[in-house]
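Remember, it's 1-based here, ligands and their atoms both numbered in the order they're listed.
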Amino acid sequence: MNRILITGALGQLGVEFIKYFKNLNLFVLATDIRECKKDISCEFIQCDVLEKNKISDLVKKNKIDTIFHLVATLSAKGEEDPFKSWKLNIDSLQTIIKICIKNKIKNVFWPSSIAVFGTDSELENVPQNPVLNPSSIYGITKLAGEKLIEYYNQKFSLDIRSLRYPGIISMSSKPGGGTTDYVMEMIDSAKNKKKYRCFLSKKTELPMMLIDDAIQSAYQLMSAKKSCLSVSSSYNISSFSITPEILKKQILLNGFEIDVEFRPDFRQQIANSWPKKISDTKAKSDWGWKAKYNMEESIRKSLNF
Ligand SMILES: NC(=O)c1ccc[n+]([C@@H]2O[C@H](COP(=O)([O-])OP(=O)(O)OC[C@H]3O[C@@H](n4cnc5c(N)ncnc54)[C@H](O)[C@@H]3O)[C@@H](O)[C@H]2O)c1
């Protein structure tokens, strides 16, 4: 992993991956459909990931050996137009896989999500291999993606690796329309002394992770020896779980004031089909995963960012 292409590089995770890889002195080529208006201290090309020939040329020209394919329409946004969501999430993955086969790139990171589970998935503490019955279009695309990477890994000897990320908390990069965005929104409101209307009910418990752990886990998984990996689809990964009510308490405990009105909307239904906790024993035993930040530290760090 020396010369990395990131797709969807201006998104919540992308900008943080760029910083992490630049600190490791790795070559990074960032791409996104949006114009880049900030200095992200690496090469940037504005292009649609579905433009296969353009991405393929970039890969060849820049001698890329690893791809972090981060483009996706997230859970809440995905419900606005499920057809568009499927097209972007699945066609972009297929495009990247074709480019990898053509350019002999084996190493790819593709994030899955806790949206891949569903109401039959033992949601109190979901195991690595539960029944998967996602009900959002986002979750359905993540399930299809997991199956595709298993298939292509085997058929074309690729090495696409994946994590089922929980909700990611990052204060420097804005979330892109997911069901766990309320965490950052409530923290932002507290910092700006604004009232917050929460779109989930106060007792909705969901798994979350600080961005630092999200980036570290991907790097650790991508650096692990292939022989250590026993999961060929996507690894469950966990840090802590939280409810909007507990987040509010944490904000107050850290000396901030916050007035929250709980007004669940359509996102509540998505959240109800997601796990409360995730068992990540396989990630721990296979490649030594351990989250660095617990709930209290993650919230404190985000409030003081
Ligand atoms: N953020 C989370 O909490 C979370 C949780 C679980 C999984 N994930 C997964 O991690 C990955 C990254 O998520 P994120 O939160 O950074 O998403 P995001 O929505 O913040 O960023 C996605 C980026 O993709 C870009 N994009 C959209 N269409 C494009 C196209 N056609 N061509 C090129 N670029 C395009 C967007 O401009 C955006 O910058 C996704 O696969 C997502 O499913 C994220």
Option nearest [atom] (shortest heavy-atom distance, choices [options]):
atom: atom 10 (O) of ligand 1; options: P111, S173, G177, G178; value: P111
atom: atom 18 (P) of ligand 1; options: A115, A30, G11; value: G11
atom: atom 24 (O) of ligand 1; options: S170, G8, G145; value: G8
atom: atom 17 (O) of ligand 1; options: T95, T7, L74; value: L74
atom: atom 34 (N) of ligand 1; options: L163, D181, I33, T180; value: I33

Within ligand 1, which atoms have a heavy atom of [X] less than 4.0 Å away?
X: L70; answer: 11 (C), 12 (C), 40 (C), 41 (O)
X: G167; answer: 3 (O)
X: C47; answer: 32 (N), 33 (C)

Quiz prompt | Within 45° cone and under 6.0 Å: R161 NZ/CZ vs F109 ring | solution = no
Exercise. Identify which one of Y20, F21, W110, Y219 satisfies the ring pair (Phe, Tyr, Trp, His ring centres under 6.0 Å) criterion when paired with F68.
Key: F21
Measure the [atom1]-[atom2] distance between [X] and [Y] for me, rounded to the nearest 0.5 Å.
X: L163; Y: M209; atom1: CG; atom2: CE; value: 8.0 Å
X: K98; Y: F156; atom1: NZ; atom2: CZ; value: 10.5 Å
X: E16; Y: L210; atom1: CD; atom2: CG; value: 9.0 Å

Quiz item: Which bit of K77 is near ligand 1, meaning a heavy atom under 4.0 Å away: side chain, backbone, both or neither?
Solution: neither
Practice problem: Under 4.0 Å, heavy atoms only, figure out whether ligand 1 is touched by the backbone of S112, its side chain, both or neither. | Solution: backbone
Shortest protein heavy-atom distance from [atom], along with the residue and atom involved:
atom: atom 32 (N) of ligand 1; value: V49 N, 2.9 Å
atom: atom 31 (N) of ligand 1; value: D48 OD1, 2.9 Å
atom: atom 36 (C) of ligand 1; value: D32 OD1, 3.5 Å
atom: atom 19 (O) of ligand 1; value: G176 CA, 3.6 Å
atom: atom 4 (C) of ligand 1; value: I168 CG1, 3.9 Å
atom: atom 20 (O) of ligand 1; value: Q12 N, 2.9 Å
atom: atom 16 (O) of ligand 1; value: L13 N, 2.8 Å

Quiz item: Given the rule in the salt bridge (charged side-chain N to carboxylate O under 4.0 Å, His left out) test, do D259 and K193 qualify, once you have shown the distances and angles that lead to the verdict?
Solution: CA-CA 9 Å; D259 182 8; K193 300 187 176 15; over 6 Å; no
Give a yes or no on whether a salt bridge exists between [X] and [Y], defined as a side-chain N under 4.0 angstrom from a carboxylate O.
X: E124; Y: K277; value: no
X: E297; Y: R300; value: no
X: R267; Y: E79; value: no

Quiz item: D212 pairs by salt bridge (charged side-chain N to carboxylate O under 4.0 Å, His left out) with which of K301, K19, K292?
Solution: K301
Hey, does [X] sit under 4.0 Å from ligand 1 if you only count heavy atoms?
X: P166; value: yes
X: W110; value: no
X: L88; value: yes
X: A214; value: no

Exercise. Measure from the ring center of W289 to the ring center of Y235 and say whether it is less than 6.0 Å.
Key: no
Quiz prompt | Linked, directly or transitively: F44 and I18 (ILVMFWY side chains, under 4.5 Å) | solution = yes
